[in-house]
Amino acid sequence: MSLPQTRTRHARLAGHDRTQSQTQLSCAPLTYPKRNRRTPAIRILTMTRNTPFGLKGWTPDRIGSLVGKTYLITGANSGAGFQATRILLSKGAAVVMLNRNPTRSEAAIAALQEEFGPAANVSHIRMDLAELACVRSAAAEVLEKVPQIDALICNGAIAQVSRQQLTVDGFESQLGVNHYGHFLLCGLLFERIDASHGRIVVVSSEGHKMGLKTIQFDDMNWEHNYHPNKVYSHSKLAQMMFAYELQDRIEAGGRQVKVFVCHPGASNTSLIRDNANLATRLSWAVMVKMGMAQTAEKGAYPEVMCATEETLRQRTYHGPTGLMNFGGPVGECELGAFVLEKSVMTRLWQVSEKATQLSWSI
């Protein structure tokens, strides 16, 4: 794939493995849908679509024993990824964290083993989603060490990078980390997940609704119109389109993998503080002060649900369903038609295969 190189600085992308995808809804300015005089305001603010698990929504109480199951989580040493690890370990699962920073990974493991005991089955493999060579190396190590993958949770992310940065492979950093890195990882591990009758969980964001609502194929690096919010939205939409296209290909190929898409709501973690500009950080601080952000643990509920719950539909979008989807009962949220635009999904798949130099087996 030929990529514009007019900007040569490479992003170090500090923190994309330790904060990840938790504060996703808050990673764009608050916007409110337009309404006409006949549309009550309460209908605009109440985003609930379907809560099949009752008024309280899904909670980890529904999980039985996970002894014998293995879960991989990207970006798991803090925030929602860490909390997802905690929940899974508490049910007896094994968790392999795929993180960029070994020191923080070891600290996270120490904290988990202090809580659950030294026998807690948690480990880490170094992986930097911003470097495709590192993703390939990590995937090879996973295939060597992990014989069964019950779910791969694509939790890792960066957000609100204030100025355009490029990954070492020449991609716009948010698209490179959030989409291309996971696209490659899922492809390299797909056969193992399929053999395990496992799942792929894509953690997206309500932010996908706040951008172009399509893929900017003529300028994937946003050389001419870079905007932190729109570019973040672009990357999260790309993740969703990848997931739904993958569902179609799995069905056509008769494979065993299930694919789920979710969002964490607005969760009180450090994601928004790592790369965002001052105005965005201040607006997020106000939201936290007003109590509009839920805990990181609750932000982890949707991804854990998608990794473990047996009764879920795939062709939907899971997450908090309360006020503006910031929090509230975890269930099914509205899935916009623009996300399922087949011609865009198919073209994005082709572009992604070329960019990552990976031809999937399906």
Side-chain angles (χ1 to χ4, degrees), residues 63-76 81 84-85 87-89 91-99 120-127 129 132-156 179-203 239-262 302-316 318 345 349-350 352-353 356-362:
I63 305 174
S65 173
L66 298 178
V67 172
K69 293 186 178 294
T70 302
Y71 298 87
L72 273 59
I73 309 179
T74 66
T85 301
I87 295 169
L88 294 169
L89 288 175
K91 303 296 182 176
V95 178
V96 180
M97 304 189 298
L98 303 177
N99 301 326
N121 196 345
V122 56
S123 60
H124 77 91
I125 292 174
R126 184 185 180 275
M127 187 187 71
L129 286 165
L132 297 186
C134 190
V135 175
R136 290 181 184 277
S137 176
E141 188 172 348
V142 168
L143 293 176
E144 179 183 348
K145 296 180 177 179
V146 185
Q148 173 183 316
I149 303 174
D150 291 282
L152 167 60
I153 303 176
C154 300
N155 168 82
H179 171 58
Y180 286 142
H182 282 123
F183 180 91
L184 177 61
L185 179 66
C186 291
L188 293 172
L189 298 181
F190 182 80
E191 294 298 335
R192 179 65 50 85
I193 300 170
D194 188 47
S196 305
H197 291 200
R199 304 181 180 198
I200 292 173
V201 179
V202 173
V203 182
Q239 285 190 272
M240 294 178 73
M241 287 187 156
F242 152 62
Y244 294 121
E245 176 68 13
L246 179 55
Q247 287 179 356
D248 290 346
R249 290 171 180 255
I250 288 170
E251 182 178 6
R255 297 303 194 99
Q256 304 300 318
V257 180
K258 293 182 179 179
V259 181
F260 298 95
V261 181
C262 65
E303 61 190 78
V304 176
M305 176 185 74
C306 289
T308 61
E309 180 62 47
E310 294 297 333
T311 63
L312 296 182
R313 295 192 305 138
Q314 292 187 74
R315 199 67 159 195
T316 188
H318 305 277
M345 289 162 54
W349 185 282
Q350 295 167 347
S352 301
E353 282 195 327
T356 61
Q357 298 182 26
L358 175 72
S359 179
W360 278 59
S361 59
I362 56 172

Tell me if the aromatic rings of Trp360 and Phe183 count as close, with their centers under 6.0 Å from one another. yes
Distance from Arg136 atom CZ to Leu358 atom CG, nearest 0.5 Å? 6.0 Å
In Leu89, Val96, Val201, Thr308, the residue satisfying side-chain contact (heavy atoms from CB on, under 4.5 Å) with Tyr71 is Thr308
Heavy-atom pair with the smallest gap, counting every atom of Gly81 and Ile73: O-CD1, 4.1 Å
First locate atom OG of Ser352, then atom OH of Tyr180, and finally report the distance between them rounded to the nearest 0.5 Å. 5.0 Å
Determine whether a donor-acceptor pair (N or O, by modelled atom type, separation under 3.5 Å) exists between the side chain of Gln256 and the backbone of Asp194. no
More than 12 heavy atoms from other groups under 6.0 Å of CD on Glu251: no
Taking atom CZ of Arg126 and atom CE of Met97, what is their separation to the nearest 0.5 Å? 14.0 Å
Can you list the residues that meet the side-chain hydrogen bond (donor to acceptor under 3.5 Å, both in side chains) rule with Gln247, with sequence neighbours excluded? Arg315
Nearest 0.5 angstrom please: Glu245 CD to Ile250 CD1, how far? 10.5 Å
Where do Cys306 and Phe260 come nearest, in terms of heavy atoms and distance? O-CD1, 3.5 Å
Is the shortest heavy-atom distance from the side chain of Ile200 to the side chain of Val202 under 4.5 Å? yes
